[in-house]
Number of protein chains: 2
Amino acid sequence: MIESDGPVPPYLQLVEILAERIERGDWQPNRPIPSELQLVQEFGIARGTVRRAVAVLRERGLVFTVPQRGTFVAPSSAASTE
Amino acid sequence: MIESDGPVPPYLQLVEILAERIERGDWQPNRPIPSELQLVQEFGIARGTVRRAVAVLRERGLVFTVPQRGTFVAPSSAASTE
DNA sequence: TTCGATTTGTCCGTATGTATC
DNA sequence: AGATACATACGGACAAATCGA
């Protein structure tokens, strides 16, 4: 999944993967994305890498993080399923 | 009713629900609100969560608690009085 | 008085998540 | 990569006080 020795930094690869999932609607608005630990296990990367990727998603406005609660898909980040 | 994995902590969701009921006059001043156990059963959450929510209502001055008696709507929390 | 039911008060341990170092 | 801290939530257990039968 994530290429550790390629030209693209792992955290940026993860950004693209997660962004695609969000835009595809895999996770609904105001619903939590997988926890940092789950992403660490799924992609076999370090937690710091996950956090860096999530920070980018946050800057892009795709997600928002509530301390001690989790990271959630931004309300305006997905196509309407309704 | 209460979303356990949403951005807003369950105890804060309960605060808003109970505050609305009080301000709407569902429970009269100096009358007891449902017991902790009843709220636990109604909302399907843990007692600790209920207690935390009630503590917030107490801080807001909406209710007052008498040990071993119950929690009551504060005298100045509703409109209809005689 | 004794008993049981009710209600708040308190403490324990476990789990999850993010925050920080 | 690991350790610690903090906030939240759950479940259980017990105490203390109140009330009524």
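Nothing here was measured: the structure is a model prediction, and the numbers come from that model. Order of the sequence lines sets the chain letters (A, B, ...), proteins ahead of strands, with each chain counted from 1.
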Review point. Leu18(B) and Phe64(B): same hydrophobic cluster, using ILVMFWY side-chain contacts below 4.5 Å?
Key: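 Unlinked, Leu18(B) and Phe64(B) end up in two clusters.
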Check your understanding: When hydrophobic residues are tied together by side-chain contacts of less than 4.5 Å, even through go-betweens, does Leu12(B) share a cluster with Val66(A)?
Key ->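 No, separate clusters.
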Give one of base, sugar-phosphate or nothing for [X], where a contact means two heavy atoms less than 4.0 Å apart.
| X | result |
| --- | --- |
| Leu37(B) | nothing |
| Ser4(B) | nothing |
| Gly70(B) | sugar-phosphate |

[N] [atom2] sits how many Å from [X] [atom1], rounded?
| X | N | atom1 | atom2 | result |
| --- | --- | --- | --- | --- |
| Arg69(B) | dA16(D) | CZ | C1' | 14 Å |
| Gln41(A) | dA1(D) | CD | C1' | 14 Å |
| Gln38(A) | dA15(C) | CD | P | 16 Å |
| Glu36(A) | dA1(D) | CD | P | 15 Å |
| Glu3(B) | dT8(D) | CD | P | 17 Å |
| Ile33(B) | dT8(C) | CD1 | P | 8 Å |

With respect to the side chain of [X], which nucleotide from [options] is positioned closest?
| X | options | answer |
| --- | --- | --- |
| Thr71(B) | dT8(C), dC10(D), dT18(D) | dT8(C) |
| Arg58(B) | dG9(C), dC10(D), dG17(C) | dG9(C) |
| Arg52(B) | dC10(D), dT18(C), dT8(D) | dT8(D) |
| Gln68(A) | dG11(D), dA3(D), dA7(D) | dA7(D) |
| Pro67(A) | dA19(C), dC10(D), dG17(C) | dA19(C) |
| Arg51(B) | dT8(D), dT8(C), dA19(C) | dT8(C) |
| Thr49(B) | dC19(D), dC10(D), dA19(C) | dC10(D) |

Check your understanding: Would Phe43(B) and Thr49(B) count as a side chain to side chain contact (heavy atoms under 4.5 Å, CB included) if you check the C-alpha gap in whole Å, the side-chain angles of each, and the deciding distance to 0.1 Å?
Key -> CA-CA 10 Å; Phe43(B) 294 98; Thr49(B) 306; over 6 Å; no
Exercise for review: Could you tell me whether the side chain of Arg47(B) has a donor or acceptor atom within less than 3.5 Å of a complementary atom in the base of dG12(D)?
Suggested key: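 For Arg47(B), whose side chain was compared with the base of dG12(D), there is no donor-acceptor pair (under 3.5 Å).
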Check your understanding: Between Arg60(B) and Glu23(B), is a salt bridge (charged side-chain N to carboxylate O under 4.0 Å, His left out) present by the stated rule, with each step listed?
Key -> CA-CA 12 Å; Arg60(B) 291 189 184 176; Glu23(B) 284 155 7; over 6 Å; no
Review point. Quick one: is dT7(C) close enough that its OP1 or OP2 comes under 4.0 Å of any side-chain N or O from Ser35(B)?
Key: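 Indeed, a polar side-chain atom of Ser35(B) lies that close.
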**Study point:** Closest heavy-atom pair and its distance - Val54(B), Val63(B)
**Key:**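 What the structure gives for the nearest pair is O-CG2, 4.2 Å.
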